[in-house]
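The figures that follow rest on heavy atoms only: side chains count, while hydrogens, waters and symmetry mates do not.
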Amino acid sequence: MTLSTHDALDMLLTAEHDLADRPPFRMIEQDGSPTAAGEQLGIDIELAKVLYRDMAMARRFDHEALALQRKGDLNLWLMSWGQEAAQVGSVRALRSDDMVFPSYREHAAALTRGLSPAELMSQWRGVSHAGWEPDKHRFHIYSLVLGTQTLHAAGYAAGALIEGSDEVVAVYFGDGAASQGDVNEALNWAAVGGLPVLFICQNNQWAISTPTQRQMKAPLYKRAHGFGLSSFHVDGNDALAMHAVTQYACERIRQGGGPALIEAMTYRFGGHSSSDDPKRYRSDAELDVWRARDPLPRLETYLRHADVAATWFDSLASELEEFAIDVRTVCSGLNPPELTDLFDRVYAETHPVVTAERAAHREIVAANGTER
């Protein structure tokens, strides 16, 4: 009898209920060779190509945006560099109607979800509170308050459950945020309410300058059991593993299995933000270890060994160059809104007081001949 992918994963992940230490689940080794699980489940080459392109686009965007910040065109930038597989693999496994709640560095997930570079950069350029309508892409605005998005996701999921929807609400956060009270409250509330939430922790090893071992004694995938969640320990630098486990977790949630958590082991190659100097608190030796686990070369090696044509990579390289030019162009075109626009963004519906204030403002502008 041939097992379905779900049944095979079910057998491979049965250890999720065992609190003993276990290595993160992976399908591709860091040298690009398939693992035993990868061989057993089978690897979809077309999916692998899609994931690789998504990651390559995200990394190029990240590097361009950081350069723009250094040039003074963006006020701040928080990089997803190194965490592309954890984001792309998981978000590609969601349904298009599943709602996503990001933190503030989910650029790879956002681009994959269909957001444009202009929408992502506008907040960091200081020309908007947030650059997009959340419902358009089923992707909420960035949350700059650490961990607060987990409570937002739990509340949204409670509404979905009441409405009888089978959507999964995915929420991203980091290992540092896992120490916040908001995150622990959200885990507890989701478990008690049986809410359809998938918590995705990108454990990038550092909470700004605090290493993981100094902020938590037990790994998060173990702690999740204490709240009553199903949990999964995954190699977050393996896009295919993230995709497979996210699909599996979402199917369980939709079938009424309650909330789940994925702890994705990954690494932040850059600083916490463009204002941070990681050389002050981490060693070159540590960085070298994680560079050997870089998600892009890992998947590229697999694809080349799987006889994906060199012309495909060449075409992608040309696409990335054109994309980089577009990123720089649209950034320079992001101008601050006129002050008059503020009056349209106070209430969702027309309000008489705001209408009167707008009229008064227009009279002042007309009298002075300037908007400012």
Side-chain angles (χ1 to χ4, degrees), residues 3-20 22-27 37 40-41 86-87 89-102 109 138 140 149-173 178 182-203 218-236 238 240-265:
L3 292 175
S4 68
T5 300
H6 178 273
D7 290 338
L9 265 171
D10 198 43
M11 294 178 64
L12 288 167
L13 298 173
T14 49
E16 71 170 284
H17 299 294
D18 179 6
L19 294 185
R22 61 181 185 271
F25 176 79
R26 64 173 58 95
M27 294 178 64
Q40 183 175 346
L41 294 172
Q87 295 183 24
S90 55
V91 82
R92 276 285 180 193
L94 301 174
R95 278 190 343 208
S96 61
D97 61 333
D98 289 335
M99 190 66 183
V100 178
F101 284 81
R138 306 292 290 159
H140 202 261
Q149 72 277 11
T150 56
L151 284 173
H152 301 163
Y156 190 96
L161 189 64
I162 291 170
E163 291 178 349
S165 168
D166 71 339
E167 69 181 287
V168 169
V169 180
V171 57
Y172 292 91
F173 61 103
D182 281 7
V183 175
N184 291 273
E185 291 172 16
L187 293 171
N188 187 59
W189 185 18
V192 171
L195 304 180
V197 186
L198 177 58
F199 295 91
I200 303 172
C201 176
Q202 297 171 84
N203 186 341
L220 190 59
Y221 76 87
K222 290 186 180 182
R223 289 163 55 196
H225 279 277
F227 288 101
L229 281 76
S230 300
S231 71
F232 307 91
H233 192 210
V234 185
D235 184 339
D238 182 348
L240 289 161
M242 283 297 300
H243 188 275
V245 174
T246 302
Q247 270 195 335
Y248 176 83
C250 285
E251 186 173 340
R252 286 188 55 162
I253 293 171
R254 292 190 215 282
Q255 293 174 350
L261 177 142
I262 295 173
E263 182 175 10
M265 306 304 290

Identify the two heavy atoms, one from [X] and one from [Y], that lie closest to each other, and give their separation to 0.1 Å.
| X | Y | answer |
| --- | --- | --- |
| A86 | M242 | O-CE, 3.4 Å |
| L229 | L187 | CD1-O, 3.5 Å |
| A241 | F25 | CB-O, 3.7 Å |
| D98 | R254 | OD2-NH2, 2.7 Å |
| A249 | L198 | CB-CD1, 4.0 Å |
| A224 | S231 | CB-CB, 3.9 Å |

How far does [atom1] of [X] sit from [atom2] of [Y], to the nearest 0.5 angstrom?
| X | Y | atom1 | atom2 | value |
| --- | --- | --- | --- | --- |
| C250 | Q255 | SG | CD | 11.5 Å |
| R92 | T246 | CZ | OG1 | 13.5 Å |
| M27 | D235 | CE | CG | 12.0 Å |

So N184 and F227, side-chain contact (heavy atoms from CB on, under 4.5 Å) or not? Walk me through it. CA-CA 9 Å; N184 291 273; F227 288 101; 3.4 Å; yes
Distance-only, no hydrogens or angles: does the R223 side chain make a donor-acceptor pair with backbone N or O of A178 under 3.5 Å? yes
Test your reading of the model: is there a side-chain donor-acceptor pair from N203 to the backbone of E263, 3.5 Å cut-off?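 No, because the side chain of N203 does not come within donor-acceptor range (under 3.5 Å) of the backbone of E263.
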Candidate pair F173 and L220, rule side-chain contact (heavy atoms from CB on, under 4.5 Å), full reasoning: CA-CA 12 Å; F173 61 103; L220 190 59; 3.8 Å; yes
Side chain to side chain donor-acceptor pair (under 3.5 Å): which pairs involve residues 161-171, sequence neighbours left out? R95-D166, R138-E167, S165-E167
Please walk me through it: do Y172 and V91 pass side-chain contact (heavy atoms from CB on, under 4.5 Å)? CA-CA 10 Å; Y172 292 91; V91 82; 3.6 Å; yes
With side chains defined as the heavy atoms from C-beta onward, is the minimum distance between P219 and H233 less than 4.5 Å?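 Of all side-chain heavy-atom pairs linking H233 with P219, none is under 4.5 Å.
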Taking only residues two or more places apart in sequence or in another chain, which ones pass ring pair (Phe, Tyr, Trp, His ring centres under 6.0 Å) with H140? F101
